[in-house]
Novice: 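Take a look at the following structure, please.
One-based numbering, in listed order, for ligands and for the atoms of each.
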Amino acid sequence: MKPRSDSLKWKIAVSYAALLVLVLAATSGIIVWRFGSIIYAQARARADATMNEVLAVANPAGAPLGLQDVAVNNSPLQVLLNSDNLAYWSSPETSIEIDTPSGYPMAKSANLGGARIPAAPVDASHPALVRNADVRGVPAIVEDRFVRVGGTTDAIVQVSQSLATVAHSIDEARKTVLLVLAAAIVAVILLSIALASQAINPINELSRAMREIGFERLDRRLSWPRGDEIGELAQSFDDLLARLEASFSRERQFISDASHELKTPLTSINANAQMLLRWAESDERVRRESLETIAHESAAVGEMVNGMLTLAKADRGDEIPKEPVSLIEEAREVVKYAAPRAREKGLELHFEQASESAIVLADPHLIRQMIGNLVDNAIKFTDAGEVDVRVGSRERTGWLEVSDTGPGIGERDMPRIFERFYRADRSRSRSVPGTGLGLAIVRSIARVHGGSVDVERAGGGGSLFRVTMPLLAMLVALLAFGSGGVARADDIPTTASPIVNVVLSSGTLTIRTWRDSVVRIVTEGSVSWNRFDPRATAPRVPSSIESWAISVPTARGTATLPAERFLLPSLPGAHDAVVAQGYGNTTLTIPAGSALVITRVVMGTLTVEGYRGALVAHVRRGAMNLLGVSGTVYAQVVTGRIVAVQSDFDRLRARTAIGGLFFEACSARQIDATAIRGTILYDDGTFDEGPAYFSTSDGDVAIGIAGGRATVSARSGTQSLALELGSGADIRRSGDGETIEFGGGGPFVTALARGTVAIYDGRLESHAQLLSRIALPRVLPSALLRVERLRPRPRARPAFRPRPR
Ligand code: ADP
């Protein structure tokens, strides 16, 4: 490989070498400087010592014994100027000169020859000086001292200490250090390159080896012999390869199996089509048999493709929209639908619910398909006896068992029956229709929901399939707090503005308010509850809620509610919370000032009466009634209708996939109502501020204005607009619809429908013609009939008058 200037190796080597060179150079500099200052200090000390000896003579009281002629005959000045003494004090590097105060030389050591020590400005007021000067052309330290010799004569004593040796030593030291430094730098650079190579080369080798393994050689492994970090990297790469190889081979196998399985029915369809071409006209029997075969085989192909699509969907994992699903209710439904088939074969089909609830976070259609496949197989492969479906939960796991009294599964087949296209016991399987994908789908669905499936021999000789799945974590976490209770009729004291969260897996749930600071739960089934104080709720109070995308298959294609987010009003202050979950018909009475109610009914009817505040209400399958409710509301029923009577919404988001939205005598500041398949009726209502938006992609919209002002823009996909208006309404036609102004115009209201859009004044029942054009449920929701029994509504909107009829 070409060396690259920006490679990691060079970067490491250069920075490593630069750092070491810097450290070495700094260290050498410091050593040389320190060495110089030490020997300079020594020279200075020698000059000091000589000066002290000389001065001791000038002041004989302190003179050391043995110095020549000091004591007896001579004066201190004579001793000082004595040439022998000067010779004694001097040395090749030390010279001495004694001057008169005016700078005239009185004596000097012989080694000065004809030269002098340069004069210095010392006198009685500045008696001492140390300086650097050139003496005989050589740099030296010079000490000058002004003294009164023997107490009578003034003189200047000068001692010079040559620095020639010092300079030489420092020079030598510097040379040596530079030499060592140069050698060290070379060594350091070489070492840096070697070390960097040692660190990086294995990575280069590894990447070369990785490059050599292409898609065609997925079976190769690096099998790196080292146990260090690079070895670990190589091992991870090997593991990745192993997984890729397994996955590729699975895909290859799947494609080859799928083509093989599809080929047989397609060949048969083709052959029969050829027969039809040749014989259809002349031979009625051939015609019928060929058509029957084609119908049968194409159905088989369709089933197989569906299976593959489901597998692909289950394999997508995280992308699957999930919602709380009751395993018990889904299993109950499956059993209900399978019962006629079991009866036809003379089998007994039993359903047993082993615990109160088993709610998992899942895609309900996949869950139903999973249970359906197991029950279908059990019925398909069992000729006599019974099929038992049991479902329940244990600790944090939901489980489902399907057992039968059929032929069972051989030991040899057990490990393989969950593979795609695997069908045990070919001879038997040939006589029983199937694709070999059913159990693979079951396993994929269980896995994608964090669960598993296994099979064993049932007690009665047949087979027993068991699926386990983790229960919905939130509920598990909440229930694990203990301290709560299981209600039949419980009163739970709270503050005046608690947060209430109820999940009911099945049954009717009615929520009412009262003045007490108590949540009362009365149930015919079983509801367990917990109370949390504000410290526990504070971090959990949501600022928005999210709805998952939900798709519901219908006779006219899939109806999909897209994922969306709804902002909740902020809830200042401290709130405690009551969290309840269970099943069975239940009534909850909550404090009138409750801050937030979040409720979900998996299957059943939810009714909220007279509540004012923030409400989030989901119903999976069933119905929702909002009677005299006011505030900010998120209402969703996936399959089933929403009915709102005499409710005043600050902000309302209401939506259903299949079912209608029926509003009677309501008012709304902001409203966004969507029914995908179903009619929207906003009867006898008013609008404040706006905007209001009603839309259905497969149904009618009817809006009856009771008074007040509104600007309604109406558009129908089938150009079917019906207007019956009072005298106060103006109509403007535009290209793609109609705009009607009530009371001179006001809040903007948009009505969009594929079917008829009807705009009228007041109540629909007084517009007989319109009533016949709008697709309404044959039996109007019972809640609508109860309107009169609710509190009378003040009507203070006289601006628009309906035409007298
Ligand atoms: P299919 O039912 O379409 O053949 P599956 O994947 O559902 O495919 O099942 C694979 C095989 O496992 C079946 O062909 C059958 O041999 C065996 N099997 C599945 N369920 C049962 C059962 N309840 N009893 C006996 N054998 C079964």
Side-chain angles (χ1 to χ4, degrees), residues 250 253-254 256-265 296-315 331 334-335 338-339 341-342 344-351 366-391 399-448 452-467:
R250 257 202 316 276
Q253 185 65 36
F254 179 67
S256 104
D257 288 349
S259 329
H260 179 77
E261 294 292 327
L262 286 172
K263 210 168 125 193
T264 318
H296 178 258
E297 296 289 11
S298 57
V301 171
E303 198 184 327
M304 207 177 294
V305 170
N306 270 341
M308 291 196 249
L309 287 177
T310 308
L311 271 176
K313 180 176 175 191
D315 286 347
V334 169
V335 168
R341 255 175 301 139
E344 250 170 49
K345 281 192 82 174
L347 300 175
E348 281 181 47
L349 177 58
H350 299 132
F351 174 76
L366 290 180
I367 294 296
R368 197 181 286 195
Q369 167 135 35
M370 176 185 80
I371 304 172
N373 286 2
L374 292 175
V375 173
D376 274 353
N377 277 352
I379 295 175
K380 217 161 63 170
F381 292 106
T382 306
D383 293 328
E386 59 191 63
V387 171
D388 292 309
V389 178
R390 281 175 302 278
V391 58
W399 56 264
L400 169 102
E401 288 177 356
V402 179
S403 61
D404 58 48
T405 52
I409 295 161
E411 287 292 326
R412 237 165 6 103
D413 293 321
M414 278 216 186
R416 299 203 54 194
I417 51 167
F418 294 102
E419 288 173 18
R420 295 166 180 196
F421 298 110
Y422 187 81
R423 308 195 70 201
D425 188 355
R426 294 262 150 186
S427 57
R428 184 181 69 225
S429 294
R430 280 285 157 244
S431 64
V432 180
T435 58
L437 285 176
L439 289 177
I441 291 172
V442 169
R443 186 173 63 174
S444 278
I445 295 176
R447 281 187 180 165
V448 83
S452 63
V453 55
D454 53 42
V455 61
E456 60 187 62
R457 193 153 263 283
S463 29
L464 166 71
F465 286 86
R466 185 184 298 107
V467 177

Novice: Does an N or O anywhere in Gly408 fall below 3.5 Å from an N or O of ligand 1?
Specialist: no

Novice: Counting each atom of ligand 1 from 1 as listed, which ones have a heavy atom of Lys380 under 4.0 Å away?
Specialist: 1 (P), 2 (O), 3 (O)

Novice: Could you check whether any side-chain heavy atom of Leu400 comes within less than 4.5 Å of a side-chain heavy atom of Leu374, counting everything from C-beta outward?
Specialist: yes

Novice: Does Gly406 come within less than 4.0 Å of ligand 1, judged by its heavy atoms?
Specialist: no

Novice: Would you mind listing which atoms of ligand 1 come within a distance below 4.0 Å of any non-hydrogen atom of Ser463?
Specialist: 22 (C), 23 (N), 24 (N), 25 (C)

Novice: Can you tell if the side chain of Asp383 reaches within under 4.5 Å of the side chain of Lys345, non-hydrogen atoms only?
Specialist: yes

Novice: Consider every N or O of Tyr422 and every N or O of ligand 1, then say whether any pair is closer than 3.5 Å.
Specialist: no

Novice: Quick one: side chain to side chain contact (heavy atoms under 4.5 Å, CB included) partners of His296, sequence neighbours excluded?
Specialist: none

Novice: Does some non-hydrogen atom of Asn373 fall short of 4.0 Å from ligand 1?
Specialist: no

Novice: Could you tell me whether ligand 1 has any atom less than 4.0 Å away from a heavy atom of Gly462?
Specialist: no

Novice: I'd like to know if Phe418 contacts ligand 1, where contact means a heavy-atom distance under 4.0 Å to any ligand atom.
Specialist: no

Novice: Just how far is it from atom CD of Glu456 to atom CG of Leu464, taken to the nearest 0.5 Å?
Specialist: 4.5 Å

Novice: Can you see which heavy atom on Leu349 is nearest to which on Val389, and at what distance?
Specialist: CD1-CG2, 4.4 Å

Novice: N/O of Gly436 under 3.5 Å from N/O of ligand 1, yes or no?
Specialist: yes

Novice: Using a heavy-atom cut-off of under 4.0 Å, does the side chain or the backbone of Val442 touch ligand 1, or both, or neither?
Specialist: neither

Novice: Considering non-hydrogen atoms only, spot the tightest contact between Ser444 and Arg420 and give its length.
Specialist: OG-NH2, 4.3 Å

Novice: Could you go through the side-chain contact (heavy atoms from CB on, under 4.5 Å) check for Ile417 and Phe465 one step at a time?
Specialist: CA-CA 11 Å; Ile417 51 167; Phe465 286 86; 3.9 Å; yes

Novice: Quick one: which of Phe421, Phe381, Phe465 has a heavy atom closest to atom 27 (C) of ligand 1?
Specialist: Phe381

Novice: Test side-chain contact (heavy atoms from CB on, under 4.5 Å) on Asp413 and Tyr422 and set out the steps.
Specialist: CA-CA 9 Å; Asp413 293 321; Tyr422 187 81; 2.6 Å; yes

Novice: Taking distance alone, with no angle check, do Ile409 and ligand 1 share an N/O pair under 3.5 Å?
Specialist: no

Novice: May I ask you to list the atoms of ligand 1 that are less than 4.0 angstrom from any heavy atom of Leu439?
Specialist: 5 (P), 6 (O), 7 (O), 9 (O), 10 (C), 12 (O), 19 (C)

Novice: Ala378 heavy atoms, cut-off 4.0 Å: which ligand 1 atoms fall inside?
Specialist: 23 (N)

Novice: Using a 4.5 Å cut-off on heavy atoms from C-beta on, say whether the side chain of Asp404 contacts that of Phe381.
Specialist: no

